[in-house]
> 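First the structure, which I've put down as structure tokens, then a few questions once you've had a look.
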There are 2 protein chains.
Amino acid sequence: MQSQAEILLKGKHRDEPISPQLRELLESIGTIRKIEKDGYIFHEGEEAHDIYIIQSGIVQMSKLAANGKELILRICKKNDLIGELTLFSDNPAFLLSAKILEPGEVIVINKDKLERALLENSMLTFEFMKWTSNHMRKFQSKIRDLLLNGKKGALYSTLIRLVNSYGIEHKDGWLINISFTNQELANFCAATRESVNRMLAELRKKDKIAVMKNGEILVKDLDYLKDEIGCEGCPIEICNIN
Amino acid sequence: MQSQAEILLKGKHRDEPISPQLRELLESIGTIRKIEKDGYIFHEGEEAHDIYIIQSGIVQMSKLAANGKELILRICKKNDLIGELTLFSDNPAFLLSAKILEPGEVIVINKDKLERALLENSMLTFEFMKWTSNHMRKFQSKIRDLLLNGKKGALYSTLIRLVNSYGIEHKDGWLINISFTNQELANFCAATRESVNRMLAELRKKDKIAVMKNGEILVKDLDYLKDEIGCEGCPIEICNIN
DNA sequence: ATTTAACAGTAAGTTCCATCACTTTCCCCT
DNA sequence: AGGGGAAAGTGATGGAACTTACTGTTAAAT
């Protein structure tokens, strides 16, 4: 049995969101495209012909609401698959927007090609289904976190997920290796910037977190966050933000 | 172009959640089990060996939170697939509880058998993936509805989805053909019974809904509900509660 | 027919959270 | 070095939603 620390210590290599075989297939039928900071790979509602796998860089997936509010659902990095929900769909339009937070490269894979390839290779089908099903599980745990413990629950669980996905070890705790503005954190939680600011101030006062000079958050007491929201210790492959 | 009325008029046959081929496969490798009112087909956390397809009856899928709160996520009927998220999973435990609201029968399908069958028949794989992906889309629209317009948004969107899934035509609007207590409606919305009661009272006062003697809700002005929450008219195969 | 239990309905008080309005801090730019 | 813009931080206020507490209603149970 590994402790969470040991699991996290594997560092950047701890995530293998898609299997090596699946990745190989995707690479073989895809083409590389550069993605540039603050641009978008695609926008919600656009017609979808391709799906993407991230090679490097960071991509934020979000949904826009009618009233102008934005809901951030995922933060994706190397080996994450995005745009996948348009696969096997009758009217393939992107459901989310993909904003580039850090530049890098993606593999662009033609939807039809991929569909055919998947259907021809049952091992890959297996991997793909496994990935999809896992993704759905994350989503169900997320919906609970966001709804069932108020805004505090939403923020704390977001912080926990960010640590699980982007936390690096630090002598005082876990450092979340991407910086977000208060507004962005609020968009994860369907809360306001001011509420998030106040909650972070309180956590800082209680010495549960600290904010670094570059804006990154250091979580000093992860267990406190978990306790406060009645975290049931779901596995790290579910409790993340990818 | 069909109007929503025309689509709904197709009545009970408007939903074909899974394709006839997929259904045939499932039936051929499954066995029948009777399900009895107020019982459970399975509970959250139990080890999962089978998945189920509903033949008749009504089944409610819900997630329990640490603080005792319950979140109802789906209401399933004939041809709906449940327990599906344990497929292709490493540690197959049910993520939701399946409570029987109306007695009936389910087809019990062994997980391993189904996995093998799916991998051997790519046409079925295709259908299955399509179903999964569609399911994920529903979920994303749901998370937006529940989070982005307060409790009113959550309740109104729940009513709209119930009409889309269980609405039958009525001279004054759409009658939701299952009855729920205020508490149950609250559990759909992550709200309290009292809040739901007040919102329903307000809708009744404005003559937008009416409550029948058996507790069923008659939605007299569906467009009002849609307008109030900035409904973007997503298709009926997404905006439902199955 | 009366009791009981479950649910609906309402009101008052409290807490949570969004909104508004502003100041302060940070950091980029020339 | 100083100015401008973006983000952080904070207080006041109001409204939304939860809590508590109670009454009214219905339907089943004895």
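First the proteins, then the strands, lettered A, B, ... as listed; each starts at 1.
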> Calculate the interatomic distance between B:Asn214 atom CG and C:dA6 atom C1'; express it in whole Å.
17 Å
> Are B:Lys78 and B:Glu102 close enough for a salt bridge, meaning some N to O gap below 4.0 Å?
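No salt bridge links B:Lys78 with B:Glu102.
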> Would you call the rings of B:Tyr224 and B:Tyr156 parallel, tilted or perpendicular if under 30° counts as parallel and over 60° as perpendicular?
tilted
> Would you indicate, yes or no, if C:dG9 has its OP1 or OP2 atom less than 4.0 angstrom from a side-chain nitrogen or oxygen of B:Asn197?
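Yes.
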> Parallel under 30°, tilted from 30 to 60°, perpendicular over 60°: which one fits the rings of B:Phe139 and A:Phe139?
perpendicular
> As a test of your reading of the structure, name each stem of DNA chain D as range with range, where a stem is three or more consecutive Watson-Crick or G-U pairs at under 3.5 Å.
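Only these stems qualify: C:1-30 with D:1-30.
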> Starting at CG of B:Leu200 and ending at P of C:dA8, how long is that distance when rounded to a whole Å?
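Rounding to the nearest Å, CG of B:Leu200 and P of C:dA8 are 9 Å apart.
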> How many whole angstroms separate atom CG of B:Leu185 from atom P of C:dC7?
13 Å
> Figure out the CD/P separation between A:Glu194 and D:dA8, and round it to whole Å.
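Taking atom P of D:dA8 as the reference, CD of A:Glu194 is at 11 Å.
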> Write down the distance between NZ (B:Lys69) and C1' (D:dT19), rounded to a whole number of angstrom.
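My rounded result for the distance is 11 Å.
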> Counting any heavy atom closer than 4.0 Å, what does B:Lys213 reach on the DNA or RNA strands: base, sugar-phosphate only, or nothing?
nothing
> When the distance from CG of B:Asn187 to P of C:dC7 is rounded to whole Å, what number comes out?
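Whole-Å distance recorded here is 12 Å.
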> Reckon A:Thr192 touches a base, only the sugar-phosphate, or nothing at all at heavy-atom distances under 4.0 Å?
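Base: the residue A:Thr192, judged by heavy atoms under 4.0 Å, touches a nucleobase.
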> Checking contacts here: which listed nucleotide (C:dA18, D:dT10, D:dT19) is nearest the side-chain heavy atoms of A:Ala201?
D:dT10
> Can you tell me which nucleotide in D:dT19, D:dT10, D:dA17 comes closest to the side chain of B:Lys151?
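Minimum distance to the B:Lys151 side chain belongs to D:dA17.
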> Salt-bridged, B:Lys63 to B:Glu44, with N to O below 4.0 Å?
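Between B:Glu44 and B:Lys63 there is a salt bridge, with a charged N closer than 4.0 Å to a carboxylate O.
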> Quick one: the side chain of B:Gln183 and the base of C:dC7, do they pair up donor-acceptor inside 3.5 Å?
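No such pair is found, so the answer is no.
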> Assign A:Ala190 to base, sugar-phosphate, or nothing according to its heavy-atom contacts below 4.0 angstrom with the strands shown.
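A:Ala190: backbone/sugar contact only, no base atoms under 4.0 Å.
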> Check this for me, if you would: do B:Lys206 and B:Glu202 make a salt bridge, where the nitrogen-to-carboxylate-oxygen distance has to be below 4.0 angstrom?
yes
> Answer yes or no: is there an ion pair linking B:Arg74 with B:Glu84, defined by an N-O contact shorter than 4.0 Å?
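Yes, charged N to carboxylate O under 4.0 Å.
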> So does B:Arg193 reach the base of D:dT20 with its side chain, donor to acceptor, closer than 3.5 Å?
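Answer is no: no donor-acceptor pair is held.
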> For B:Ile75 and B:Asp80, work out which heavy atoms get closest and say how close.
O-OD2, 4.4 Å
> D:dG9, OP1 or OP2 - any side-chain N/O from A:Arg204 closer than 4.0 Å?
yes
> Can you tell me if the side-chain N/O atoms of A:Asn182 get under 4.0 Å from OP1 or OP2 in D:dA7?
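So the side-chain polar atoms of A:Asn182 never come under 4.0 Å of the phosphate oxygens OP1 or OP2 of D:dA7.
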> Rounded to the nearest angstrom, tell me the gap between atom CE in A:Met212 and atom C1' in D:dA8.
17 Å
> State which of C:dT10, C:dA8, D:dC18 makes the closest approach to the side chain of B:Ser195.
D:dC18
> Quick one: which of D:dA8, C:dC7, D:dT10 gets closest to the side chain of A:Arg198?
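Output: D:dT10.
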> In whole angstrom, what separates B:Glu202's CD from D:dG15's P?
15 Å
> Shortest non-hydrogen contact from A:Met136 to B:Leu85?
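Heavy-atom minimum between the residues: CG-CD2, 3.3 Å.
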